[in-house]
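Here is the structure we will look at.
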Amino acid sequence: MNESNGQRGGYGAAEDIEAAGSTGATGVTTDGGGTAAAAGRPRRDEDAAGQRVLPLVVRIERATPPERTDALEAAALAVLTLLDAPQAAPGGEWAEAVRAWEDGRIRKVVRRARGAEWRRVLALPGLTVTHGTVEVRVHPPVPLDAWPRDLSRLQVSGTDLSDSAEPAPTGPGEPVLWVNPGLSMSAGKAMAQAGHAAQLAWWAGDEAARQAWRERGLAVAVRTAAPGAWEALAGSGLPVVRDAGFTEIEPGSRTVVADVPWLRRGEPYPAGARPSGRS
């Protein structure tokens with residue numbers, strides 16, 4: 001499954017993400033074994049009952065499949081939209097579920113729906129993001145062992161998508177999630193990785209950075225890095241998603257780098273956000 005889990009103190013991670021520590025003054029890698037205590041909260045037992053997962057559902061109709069890049073960007077936007085939603089804020093109807101999810105192992109699962117499946121998904125609590133050729137729905141975190149029936153019945157496989165044209169160049173100052181050009185991932189897998197990277201970027205921003213992002217509609221580009229640029233990006237100190245190798249790719253693979261203006265400027269981490277690292 002396209003799952004992710006991690007710890008907020010290390011800017012997130014996932015069941016299919018591992019590794020960690022600080023890689024520089026303004027960046028971290030994700031840490032599948034890090035602790036919520038790094039963000040000032042006690043860590044929950046990772047195997048405890050009540051562990052939660054964030055469901056993402058992409059609409060893929062047989063006759064009109066979406067563009068791959070649109071799907072990756074929509075997944076990132078959906079995660080950001082949920083994190084910034086009033087329902088997830090203190091006192092909101094999803095606040096408890098989101099906090100429990102963030103305090104534990106951050107997991108994301110991408111599934112596909114079409115036709116009547118999609119209509120049933122729309123009837124469940126959640127938020128729909130429309131981006132280019134694709135619709136993605138993000139639902140509040142659910143217990144790992146107690147998915148709503150209309151979500152649990154959806155397929156994880158079948159998310160192979162492609163682009164009909166080269167994506168447009170990114171603009172100056174635009175948040176970009178750079179995908180490792182040396183990896184082969186299904187669209188569903190890559191959507192989960194883009195969601196992880198967007199979450200790392202969100203956690204790395206202070207309120208001023210987040211407000212500036214809101215004013216841009218939380219827009220984020222997802223692009224495959226040029227082969228010659230990837231190593232520099234991955235070693236730049238920006239947040240890096242690493243995969244634990246449970247699905248599709250080798251353990252420790254670096255999948256996505258979150259390249260956002262507030263980290264490129266060398267601004268300090270907001271209070272409580274710097275990861276503890278791991279030796």
Side-chain angles (χ1 to χ4, degrees), residues 1-17 30-32 34-58 74-111 121-129 136-148 150-152 191-207 209-211 213-214 218 220 239 241 258 270-273 275:
M1 291 193 299
N2 300 310
E3 296 189 357
S4 102
N5 62 57
Q7 311 303 332
R8 182 156 187 173
Y11 290 130
E15 183 172 282
D16 56 337
I17 293 180
T30 57
D31 184 0
T35 66
R41 296 199 289 270
R43 179 179 178 175
R44 287 194 297 113
D45 182 352
E46 293 177 354
D47 297 322
Q51 192 175 141
R52 291 179 179 266
V53 60
L54 185 75
L56 292 160
V57 181
V58 55
L77 177 57
V79 170
L80 294 169
T81 299
L82 178 125
L83 293 173
D84 197 39
Q87 297 95 317
E93 60 188 296
W94 303 340
E96 183 177 349
V98 170
R99 184 176 178 86
W101 170 65
E102 289 185 316
D103 282 356
R105 295 163 62 93
I106 303 300
R107 296 187 170 191
K108 299 179 185 73
V109 175
V110 177
R111 299 192 174 189
V121 163
L122 293 177
L124 298 173
L127 301 167
T128 302
V129 166
V136 170
R137 190 158 176 87
V138 59
H139 300 270
V142 299
L144 184 62
D145 58 355
W147 282 60
D150 286 334
L151 292 180
S152 66
M191 287 173 68
Q193 303 299 302
H196 305 332
Q199 192 163 358
L200 304 190
W202 180 258
W203 282 343
D206 60 14
E207 185 52 36
R210 292 178 181 181
Q211 182 56 35
W213 209 352
R214 290 185 190 105
L218 297 177
V220 58
V241 179

> Within the side chain of His139, is there an N or O that forms a donor-acceptor pair under 3.5 Å with the backbone of Pro125?
Replying inline: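 Yes, the answer is positive, given that a donor and an acceptor are paired below the 3.5 Å cut-off.
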> Given Trp101 and Glu96, is the side chain to side chain contact (heavy atoms under 4.5 Å, CB included) satisfied, shown in steps?
Replying inline: CA-CA 9 Å; Trp101 170 65; Glu96 183 177 349; over 6 Å; no
> Going by the salt bridge (charged side-chain N to carboxylate O under 4.0 Å, His left out) test, which pairs reach into residues 76-93, not counting sequence neighbours?
Replying inline: Asp84-Arg214
> Is the charged tip of Arg99 near the ring of Trp94: under 6.0 Å from the six-membered ring centre and within 45° of its axis?
Replying inline: no
For the student: nearest non-hydrogen atoms of [X] and [Y], plus distance:
| X | Y | answer |
| --- | --- | --- |
| Arg52 | Pro143 | NH1-CD, 3.7 Å |
| Val121 | Leu151 | CG2-CD2, 4.2 Å |
| Ala197 | Ala258 | O-CB, 3.6 Å |
| Trp213 | Ala201 | CH2-CB, 4.0 Å |
| Pro55 | Pro140 | CD-O, 3.7 Å |
| Pro148 | Leu124 | CB-CD1, 4.4 Å |

> Once you round to the nearest 0.5 Å, how far does CG of Leu127 lie from CD of Gln87?
Replying inline: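 Taking CG in Leu127 and CD in Gln87, the distance rounds to 5.0 Å.
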> How long is the span from the CD atom in Glu102 to the CG atom in Leu83, to the nearest 0.5 Å?
Replying inline: 6.0 Å
>> Which residue is it: Val110, Leu82, Val129? I am looking for the one with a side-chain contact (heavy atoms from CB on, under 4.5 Å) to Leu56.
In response: Val110
> In a check of side-chain contact (heavy atoms from CB on, under 4.5 Å) between Lys108 and each of Val53, Val79, Val138, which one passes?
Replying inline: Val79
>> Any heavy-atom pair between the side chains of Arg137 and Leu122 that's under 4.5 Å?
In response: yes
